Amino acid sequence: MSHVDETLAAYESVAARYDELNARMDTARLVDRHVEAVDRYGSGGRRLLDAGCGTGRSSVAFRERGFEVTGYDLSPAMVAMARRRPEAEGIRFQVGRLQQPPPGLTGFDVVACVDVPMAYLTDTDQLRQALAAARDQLTEDGVLVFDLSTVGYYRRAFGVPAVADRGDRYVAWFAVSPRIEADAVVVTQFDLFERAGDGWERVSMRHVQRHHSDRTVRRVAEQAGLRVVATQGLVGTSAREPADEDDHDRILYVARRAD
């Protein structure tokens with residue numbers, strides 16, 4: 001199974017429960033950090049493409065902040081959940097990959113990738129293709145904003161096995177990768193156990209991500225016809241400057257077309 005297929009399988013398997021399982025992520029505040037970057041570096045236009053939109057939580061948050069939103073995601077099941085979200089009525093959702101988006105998505109003032117969808121691009125060629133696609137989706141003065149996990153976060157979050165006890169649900173995770181290195185693939189095993197009558201049901205999935213260092217992101221962005229104009233560290237959803245690969249959880253990038 002390819003890395004893309006593994007990613008698709010992981011999200012297809014939990015799409016109906018994704019929002020519940022991911023409830024501790026404050027998507028609205030994470031979107032606020034992206035919007036602050038857009039307001040600072042963007043053109044003022046409000047046409048936004050939410051690339052890797054998942055179940056549409058970020059899309060709704062962007063619309064609540066005054067954007068005209070279109071979204072797309074790799075997983076048909078996640079897109080189906082987004083389309084059924086009552087507060088997302090009127091937002092157009094499509095199915096497509098970051099490096100092979102649906103046709104006709106052009107002329108956006110903002111392309112946003114919220115909650116590390118680009119981490120699932122497991123080699124630099126995929127990252128270049130996705131960044132080039134985003135470039136083509138932007139207006140001449142548009143901006144791309146996206147976040148990526150730091151190597152420090154991968155080491156803290158997945159370096160040792162962990163279990164979360166949530167009553168009738170347990171989630172266990174650990175890194176399959178023997179070592180977590182910069183600019184390397186990180187394979188994480190997740191096992192979800194939920195009480196079902198007198199027994200338990202188990203859902204297992206592998207998430208295959210790659211750490212993309214700041215140096216790599218800037219180099220590949222240049223190859224894709226983009227220029228990184230700003231970065232910011234995130235600890236949880238709180239902003240930190242300057243961005244730090246070891247101490248912060250994510251780096252938020254802002255890029256513009258290079259020409």
Side-chain angles (χ1 to χ4, degrees), residues 1-25 27 30 51-58 72-82 95-100 113-130 146-166 168-196 199-213 216-217 249-251:
M1 183 181 292
S2 72
H3 291 168
V4 172
D5 291 337
E6 285 192 281
T7 297
L8 179 58
Y11 282 102
E12 291 281 285
S13 67
V14 297
R17 292 175 290 179
Y18 179 80
D19 286 347
E20 181 184 359
L21 295 172
N22 204 38
R24 296 187 181 187
M25 167 53 70
T27 301
L30 187 56
C53 64
T55 60
R57 290 200 302 180
S58 53
Y72 75 94
D73 194 84
L74 169 71
S75 166
M78 298 283 274
V79 169
M81 294 299 297
V95 176
R97 302 178 181 183
L98 294 177
Q99 64 271 43
Q100 295 175 309
C113 295
V114 179
D115 203 5
V116 300
M118 286 194 182
Y120 290 93
L121 304 172
T122 55
D123 61 51
T124 54
D125 190 53
Q126 290 179 8
L127 180 62
R128 180 191 57 77
Q129 291 173 17
F146 61 99
D147 53 35
L148 284 167
S149 297
T150 63
V151 70
Y153 172 80
Y154 281 119
R155 289 168 177 163
R156 288 189 296 274
F158 305 120
V160 296
V163 176
D165 178 357
R166 297 173 186 171
D168 286 342
R169 175 183 297 135
Y170 289 85
V171 183
W173 64 91
F174 61 93
V176 176
S177 309
R179 297 184 64 182
I180 298 175
E181 303 289 351
D183 283 310
V185 170
V186 181
V187 181
T188 309
Q189 176 73 31
F190 286 83
D191 290 292
L192 168 66
F193 300 88
E194 287 190 307
R195 189 177 295 279
W200 294 82
E201 292 183 352
R202 177 182 178 180
V203 177
S204 294
M205 56 192 141
R206 280 163 50 103
H207 285 257
V208 184
Q209 300 185 3
R210 182 187 176 101
H211 170 255
H212 297 286
S213 68
T216 295
V217 171
D249 297 334
R250 304 183 186 194
I251 296 179

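Not measured: the values here are computed from a predicted model.
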Are the side chains of [Y] and [X] in contact, using a 4.5 Å heavy-atom criterion?
| X | Y | result |
| --- | --- | --- |
| Asp191 | Val203 | no |
| Tyr170 | Val163 | yes |
| Val95 | Leu74 | no |
| His212 | Leu127 | yes |
| Asp249 | Ser149 | no |
| Phe190 | Leu192 | no |
| Arg250 | Asp115 | yes |

Subject >> Derivation of the side chain to side chain contact (heavy atoms under 4.5 Å, CB included) call for Ile251 and Asp147 >> reply: CA-CA 5 Å; Ile251 296 179; Asp147 53 35; over 6 Å; no
Original post:
Please walk me through it: do Leu121 and Gln99 pass side chain to side chain contact (heavy atoms under 4.5 Å, CB included)?
Top reply: CA-CA 9 Å; Leu121 304 172; Gln99 64 271 43; 3.4 Å; yes
Original post:
If you draw a 6.0 Å radius around CZ in Phe158, do more than 12 non-hydrogen atoms from other residues or ligands fall strictly inside?
Top reply: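 Yes, because the 6.0 Å sphere around CZ of Phe158 holds more than 12 heavy atoms from other groups.
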Subject >> Atom CD of Glu181 with >12 non-hydrogen neighbours under 6.0 angstrom >> reply: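 Count over threshold, so yes.
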Original post:
Short question: side chain of Gln126, backbone of Thr122 - any donor-acceptor pair under 3.5 Å?
Top reply: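 Yes, because the side chain of Gln126 sits within donor-acceptor range (under 3.5 Å) of the backbone of Thr122.
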**OP:** Would you check if the side chain of Trp173 reaches a backbone N or O of Ala164 as a donor-acceptor pair within less than 3.5 Å?
**Re:**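 It does not hold such a pair.
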Original post:
Between Arg179 and Ser177, do the side chains contain an N or O donor and an N or O acceptor separated by less than 3.5 Å?
Top reply: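 Looking only at side-chain atoms, Ser177 and Arg179 do not form any donor-acceptor pair under 3.5 Å.
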**OP:** Could you tell me the separation between the CZ atom of Arg57 and the SG atom of Cys53, rounded to the nearest 0.5 Å?
**Re:**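 Interatomic distance, Arg57 CZ to Cys53 SG, rounded to 0.5 Å: 12.5 Å.
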Subject >> Steps toward side chain to side chain contact (heavy atoms under 4.5 Å, CB included) verdict (Gln209, Val185) >> reply: CA-CA 6 Å; Gln209 300 185 3; Val185 170; over 6 Å; no
**OP:** Could you tell me how the ring of His207 sits relative to the ring of Tyr120: parallel (under 30°), tilted (30 to 60°) or perpendicular (over 60°)?
**Re:**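 Aromatic pair His207/Tyr120 classed tilted.
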